[in-house]
> 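Let me begin by handing over the structure; questions about it come next.
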Amino acid sequence: MISKRKKVVLAYSGGLDTSIILKWLQTELDAEVVTFTAEIGQGEEVEPVRAKAELLGVKPDNIFIEDLREEFVRDFVFPMFRANTVYEGQYLLGTAIARPLIAKRQIEIARAVGADAVCHGATGKGNDQVRFELGYYALQPDIEVIAPWRQWEFTGREQLIDFAEKHQIPIAKDKRGDAPFSIDANLLHSSSEGKVLEDPEVEAPEYVYQRTISPEDAPDQATMITIDFERGDPAAIDGVTLSPAALLARLNALGHDHGIGRLDLVESRFVGMKSRGVYETPGGTILLAAHRGIESITLDGGAMHLKDELMPRYASLIYNGLWFAPERAMLQALIDTSQEHVSGRVTMKLYKGNATVVGRESPQSLYNQDLVTFEADSGGYDQRDADGFIRLNALRLRIAAARDLRLKSGK
Ligand code: ARG
């Protein structure tokens with residue numbers, strides 16, 4: 001019996017590594033390759049990928065190129081920002097949040113074309129392999145996953161280049177040697193890792209940064225903008241309504257010009273090791289500050305503190321590739337519920353690497369100037385009520401202090 005030729009949907013960037021994977025699937029596994037390329041704002045043209053895939057022998061019907069920018073920002077980035085999500089206190093999860101979307105589309109395409117397997121180009125050492133594959137399995141439990149970096153015989157860059165040459169894969173001149181570092185980019189961020197960045201003691205060279213100017217070179221003149229929020233999501237800049245992707249792109253441009261959103265971080269990977277990366281999240285950094293600004297007047301204190309407690313848990317779920325896990329959906333429901341009144345306008349000052357909230361207003365505000373004013377008692381607050389409030393809150397502290405004094409004096 002002849003076994004059926006395997007049909008594989010490959011997440012294909014058009015770059016050298018995934019081109020090698022494409023050929024390897026065709027030659028070593030004798031697979032029929034279907035390529036999927038997502039435009040998610042990585043800053044490289046995706047259409048030229050079509051010609052490249054064809055050149056490598058992929059049938060035109062088997063080439064999928066899709067613009068997912070709006071879906072990426074609307075259904076992944078914005079929901080995550082409703083939680084003010086940061087991993088290990090600093091990382092805005094730009095790579096982690098894009099993986100579930102790519103996995104989802106890959107599985108949908110696999111179903112549409114009747115493929116047996118899906119394949120990605122993430123290495124065996126990182127988080128991304130976990131994120132892709134947990135996504136695949138969550139959406140299609142019986143899917144076969146091919147992870148060439150964990151399977152093939154190649155041991156070094158040279159062997160890969162040899163293989164590429166043997167199979168007439170075009171190699172850009174600067175790709176012959178080792179790349180100076182590895183990049184992952186989308187509308188939310190660029191991430192750089194490896195090579196020149198591997199020693200965490202040494203400052204990252206300026207040329208690593210690609211979507212922000214250095215704060216030192218940023219203009220002496222601040223830019224003021226307003227961001228309007230509706231139920232926790234940004235909807236307009238300076239009063240102009242923009243689609244999710246257009247809005248984030250606009251914030252990226254503003255952040256770029258003011259050197260906002262650079263991060264040099266050592267983080268804990270899910271697979272257990274520490275790694276050092278340089279991140280640039282210009283628009284996201286402005287958005288995070290602005291969202292906290294609008295929440296500060298519209299979100300109840302108790303609700304905010306609960307969100308803040310749960311946020312690191314939610315961040316870890318996304319970092320670890322568990323976007324499609326039930327507990328992420330549960331947390332999302334809680335977070336989304338909290339955003340019912342998170343609407344209004346925030347005024348931001350962008351200046352030399354900083355995005356600072358300088359004004360906030362909302363028809364749904366909880367801020368009551370009559371209540372908080374130093375001027376006179378009004379708005380239903382009686383300062384004498386604070387007497388009993390403090391007395392009762394102090395009760396257990398006084399009991400404990402009295403005991404400690406008693407023990408110290410030996411009585
Ligand atoms: N360490 C980051 C993460 O796990 C980024 C990984 C991909 N970045 C790269 N330059 N290859 O989210």
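Residue numbers count from 1 along this sequence. Since we're looking at a predicted model, the values are computed, not measured.
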> Just list the side-chain donor-acceptor pairs under 3.5 Å for residues 238-249, sequence neighbours left out, or say none.
residue, atom, partner, partner atom, Å
Asp238, OD1, Thr226, N, 2.9
Ser243, OG, Glu70, OE1, 3.4
Ser243, OG, Glu70, OE2, 2.7
Ser243, OG, Ala246, N, 3.2

> Just by distance, with hydrogens left out, do Gln364 and Ser362 show a side-chain donor and acceptor under 3.5 Å apart?
no
> Taking C-beta and beyond as the side chain, do Tyr137 and Val145 meet within less than 4.5 Å on heavy atoms?
yes
> Do the side chain of Ser343 and the main chain of Arg231 share a donor and acceptor less than 3.5 angstrom apart?
yes
> When you measure from the centre of the six-membered ring of Tyr209, is the NZ or CZ of Arg262 closer than 6.0 Å and no more than 45° off the axis?
yes
> Would you say Gln339 and His291 are linked by a side-chain donor-acceptor pair, where the criterion is simply a distance under 3.5 Å?
yes
> Would you confirm whether Thr373, through its side chain, and Asp370, through its main-chain N or O, come within 3.5 Å as a donor-acceptor pair?
no
> Judged by modelled atom types alone, do Thr212 and Glu280 share a side-chain donor-acceptor pair under 3.5 Å?
yes
> Taking atom types as modelled and ignoring hydrogens, do the side chains of Thr356 and Lys349 form a donor-acceptor contact shorter than 3.5 angstrom?
no
> Is the backbone of Pro219 close enough, under 3.5 Å, to the side chain of His258 for a donor and an acceptor to pair up by distance?
no
> Between Asn127 and Gln129, is there a side-chain donor-acceptor contact under 3.5 Å, judged purely by atom types and distance?
no
> Assess whether atom CD of Glu230 is packed by more than 12 heavy atoms of other residues, nucleotides or ligands within 6.0 Å.
no
> Under a 4.5 Å cut-off applied to non-hydrogen side-chain atoms, are Trp24 and Phe154 in contact?
yes
> Regarding Tyr136 and Gln106, do their side chains bring together a donor and an acceptor under 3.5 Å, going by distance alone?
yes
> Using a distance-only test with no angle check, is there a side-chain donor-acceptor pair under 3.5 angstrom linking Gln42 and Asp184?
no
> Does one side chain, of Glu267 or Tyr279, offer a donor that lies under 3.5 Å from an acceptor on the other?
yes
> For Gly41, does its backbone N or O pair with a side-chain atom of Glu39 as donor and acceptor, under 3.5 Å?
yes
> Quick check: does any side chain N or O of Asn320 sit under 3.5 Å from a backbone N or O of Leu322, one acting as donor and the other as acceptor?
no
> Can a donor-acceptor pair be found, under 3.5 Å and without considering hydrogens, that links the side chain of Asp228 to the backbone of Arg345?
no
> With distance as the sole test, does Glu309 use its side chain to make a donor-acceptor pair with the main-chain N or O of Leu306 at under 3.5 Å?
no
> In terms of the angle between their ring planes, are Tyr319 and Tyr91 parallel, tilted or perpendicular, with boundaries placed at 30° and 60°?
perpendicular
> Hey, does the side chain of Arg99 reach the backbone of Phe132 with a donor-acceptor pair shorter than 3.5 angstrom?
no
